[in-house]
Student: 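What follows is a structure written as structure tokens; I'll ask about it next.
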Protein chains: 2
Amino acid sequence: MTQTATTRALGPKGVSALSEELRLACMRISRRVRFESVDGDLAPHHFSVLARLEDGARTPRRLADIEKVSAPSMTRTVGYLVDAGLVGRHDDPEDGRRVLVELTGEGRAAIEQTRRRRGRWMSERVAELTAQEQATLAEAAAILGRIAAR
Amino acid sequence: MTQTATTRALGPKGVSALSEELRLACMRISRRVRFESVDGDLAPHHFSVLARLEDGARTPRRLADIEKVSAPSMTRTVGYLVDAGLVGRHDDPEDGRRVLVELTGEGRAAIEQTRRRRGRWMSERVAELTAQEQATLAEAAAILGRIAAR
DNA sequence: TATTGTTATACTCTATAACTATA
DNA sequence: TATAGTTATAGAGTATAACAATA
């Protein structure tokens with residue numbers, strides 16, 4: 001709640017400068033991670049949908065809402081994932097209009113593989129930092145996580 | 001160079017966990033910033049090319065190489081920006097095969113406007129943090145900047 | 001002969017509108 | 001009548017191949 005006596009909150013100029021620096025740093029990190037790990041032919045929107053299914057089956061309608069794309073687009077995306085064997089499509093026993101999309105074992109494996117590849121680039125760099133720097137980043141990650149969730 | 005006696009560098013597990021947390025935080029921040037600031041009809045690839053021209057004119061060939069797209073794609077993108085009045089296309093007096101693409105005043109204004117909009121979302125959130133948190137983020141931004149540049 | 005830029009053509013992802021089946 | 005999903009069709013953005021102009 002209270003702040004230490006030696007530090008003062010930043011003024012508008014300082015806030016603006018820090019925000020710009022942080023924003024750019026985050027964008028660059030994201031871009032590097034994305035480029036450095038080619039994701040083995042799994043396009044961003046395909047991976048994104050797979051990840052949404054990790055904690056359970058979803059209808060195409062719900063997936064379209066979450067991913068902010070149209071229903072026909074999601075039909076197409078799900079169709080691709082079915083053909084690739086990464087998800088299964090089943091009729092909902094409770095509502096004949098509905099379809100449930102669910103991860104296959106292969107789909108789960110694809111998610112894990114993509115995550116591992118992406119994590120490698122970052123891990124190699126974090127490992128080279130001093131303990132002090134790692135501690136700072138751990139605190140920063142928590143703060144950034146809170147900011148992004150708001 | 002030397003580290004404080006009270007902290008120890010992270011082991012492989014800790015590095016991996018921290019990396020994943022940081023990577024996700026950076027991705028989420030980037031995505032939020034991108035979504036929250038709609039960029040006034042300026043698509044990402046259009047903005048990206050404009051930004052490349054800030055420190056001087058470039059040929060379409062060079063722009064295509066930098067942005068990692070094909071020459072025909074860049075022809076199309078530059079064509080759009082010319083139609084929008086954001087860049088100008090001029091013959092290179094030194095080499096008749098070449099064309100030089102250059103920012104117009106309107107193009108410069110569009111870059112500034114986009115940057116301002118993007119900065120606002122982040123600034124609003126950074127301003128609400130404690131002085132301690134802001135200080136942590138300032139250190140983190142410097143470290144992340146170094147990582148991204150390597 | 002090599003390089004710069006454009007045009008021709010095709011593929012992918014996206015969208016809106018129209019259609020089918022179920023509630 | 002409303003909702004879930006699909007199919008039909010069109011609009012961006014991208015790519016490769018072929019072409020014209022210049023070096």
Side-chain angles (χ1 to χ4, degrees), chain A residues 31 34-35 38-53 56-103 107 110 114, chain B residues 31 34-35 38-53 56-103 107 110 114:
Chain A
R31 192 169 42 200
R34 210 171 55 241
F35 280 148
V38 186
D39 289 358
D41 300 335
L42 202 55
H45 66 292
H46 291 148
F47 177 74
S48 195
V49 168
L50 283 188
R52 299 294 186 185
L53 297 173
R58 298 259 185 288
T59 65
R61 177 70 261 165
R62 180 101 181 87
L63 288 171
D65 289 342
I66 294 173
E67 295 289 313
K68 305 229 191 296
V69 297
S70 65
S73 281
M74 191 49 68
T75 291
R76 187 186 172 83
T77 298
V78 169
Y80 170 87
L81 294 173
V82 169
D83 290 347
L86 303 177
V87 306
R89 193 162 20 189
H90 314 284
D91 291 337
D92 184 335
E94 296 178 5
D95 186 336
R97 297 170 303 182
R98 286 188 168 161
V99 170
L100 287 172
V101 182
E102 200 167 14
L103 277 180
T114 296
Chain B
R31 193 169 42 198
R34 212 170 54 241
F35 279 150
V38 187
D39 289 356
D41 299 333
L42 204 54
H45 66 292
H46 291 146
F47 178 74
S48 195
V49 168
L50 283 187
R52 298 295 187 186
L53 298 173
R58 296 262 185 288
T59 64
R61 177 70 260 167
R62 181 103 181 84
L63 288 172
D65 288 343
I66 295 173
E67 295 290 313
K68 307 233 191 293
V69 297
S70 65
S73 281
M74 191 49 68
T75 292
R76 188 187 171 83
T77 298
V78 169
Y80 171 87
L81 294 173
V82 168
D83 289 347
L86 303 178
V87 307
R89 191 162 23 189
H90 315 285
D91 292 337
D92 185 335
E94 295 178 5
D95 185 336
R97 297 171 302 183
R98 287 187 166 164
V99 168
L100 287 172
V101 183
E102 201 167 15
L103 277 180
T114 295

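Owing to the predicted nature of the structure, the values given are computational and were not obtained by experimental measurement. Just so it is clear: chains get the letters A, B, ... in the order the sequence lines come, proteins before strands, and each one is counted from 1.
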Student: Between D:dA15, C:dT14, C:dT16, which nucleotide has the shortest distance from any of its atoms to the side chain of B:V69?
Tutor: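 Output: D:dA15.
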Student: C:dT14, OP1 or OP2 - any side-chain N/O from A:S70 closer than 4.0 Å?
Tutor: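 It does not, given that no N or O in the side chain of A:S70 lies less than 4.0 Å from OP1 or OP2 of C:dT14.
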Student: What closest approach, in Å, do A:R58 and A:I66 show between heavy atoms, and which atom pair accounts for it?
Tutor: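 Smallest interatomic distance, heavy atoms only, reads NE-CD1, 4.0 Å.
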Student: Would you indicate whether the side-chain heavy atoms of B:R89 and B:L100 approach each other to under 4.5 Å?
Tutor: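 Contact flag for B:L100/B:R89 side chains = no.
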Student: OP1 or OP2 of C:dT4 less than 4.0 angstrom from a side-chain nitrogen or oxygen of B:T75, does that happen here?
Tutor: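 Checking C:dT4 against B:T75, no side-chain N or O comes under 4.0 Å of OP1 or OP2.
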Student: Taking only side-chain N and O atoms of A:R98, does any of them lie within less than 4.0 angstrom of OP1 or OP2 on D:dA4?
Tutor: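 Answer yes for this pair, as a side-chain N or O of A:R98 is under 4.0 Å from OP1 or OP2.
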Student: Using side-chain heavy atoms (C-beta onward) and a distance below 4.5 Å, is B:V99 in contact with B:V78?
Tutor: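 No, side chains not in contact.
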Student: Map B:P72 and B:Y80 onto DNA chain D by nearest heavy atom, then report which one ends up closer to the 5' terminus.
Tutor: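 Residue closer to the 5' terminus by nearest nucleotide: B:Y80.
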Student: So with a 6.0 Å cut-off around CZ of B:R61, is the heavy-atom count from everything else above 12?
Tutor: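 Yes, enclosed.
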Student: What is the distance, rounded to the nearest whole Å, between atom NZ of A:K68 and atom C1' of C:dC13?
Tutor: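 One finds 18 Å between C1' of C:dC13 and NZ of A:K68, rounded.
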Student: How many Å lie between NE2 on B:H45 and C1' on D:dA15, as a whole number?
Tutor: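 Distance, rounded to whole Å: 14 Å.
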Student: Between C1' on D:dT3 and CZ on A:R97, what's the gap in Å once rounded to a whole number?
Tutor: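 After rounding, the gap between these two atoms is 5 Å.
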Student: Side-chain N or O of A:R89 versus OP1/OP2 of D:dT6: is the shortest distance under 4.0 Å?
Tutor: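 Indeed, a polar side-chain atom of A:R89 lies that close.
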Student: Using whole Å, report how far CG of B:D92 lies from C1' of D:dA21.
Tutor: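 Roughly 14 Å, once rounded to whole Å.
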Student: Nearest-Å distance, CE (A:M74) to C1' (C:dT16)?
Tutor: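 So the CE-C1' distance, A:M74 to C:dT16, works out to 17 Å.
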Student: D:dA20 C1' sits how many Å from B:D91 CG, rounded?
Tutor: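 Rounded to whole Å, this separation is 15 Å.
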Student: Should A:S73 be listed as having a side-chain N or O under 4.0 Å from OP1 or OP2 of C:dC13?
Tutor: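 So the side-chain polar atoms of A:S73 never come under 4.0 Å of the phosphate oxygens OP1 or OP2 of C:dC13.
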Student: Using a 4.5 Å cut-off on heavy atoms from C-beta on, say whether the side chain of A:L81 contacts that of A:V49.
Tutor: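 Yes, at least one pair of side-chain atoms sits under 4.5 Å.
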Student: From D:dT6, D:dA4, D:dG13, pick the nucleotide closest to the side chain of A:A71?
Tutor: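 Of the candidates, D:dT6 comes closest.
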Student: Looking across every strand, which nucleic acid part, if any, lies under 4.0 Å from A:D95 by heavy atom: base, sugar-phosphate, or nothing?
Tutor: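 The answer is sugar-phosphate, as A:D95 gets under 4.0 Å only of primed atoms, P, OP1 or OP2.
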Student: Could you tell me the separation between the NE2 atom of B:H46 and the P atom of D:dG13, rounded to a whole number of Å?
Tutor: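 Atom-to-atom, B:H46 to D:dG13, this comes out as 5 Å.
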Student: Among C:dT14, D:dG5, C:dA2, which nucleotide sits nearest the side chain of A:R61?
Tutor: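 Output: D:dG5.
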Student: Rounded to whole angstroms, how far apart are CZ on A:R76 and P on D:dG5?
Tutor: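 Distance check: A:R76 CZ to D:dG5 P gives 18 Å.
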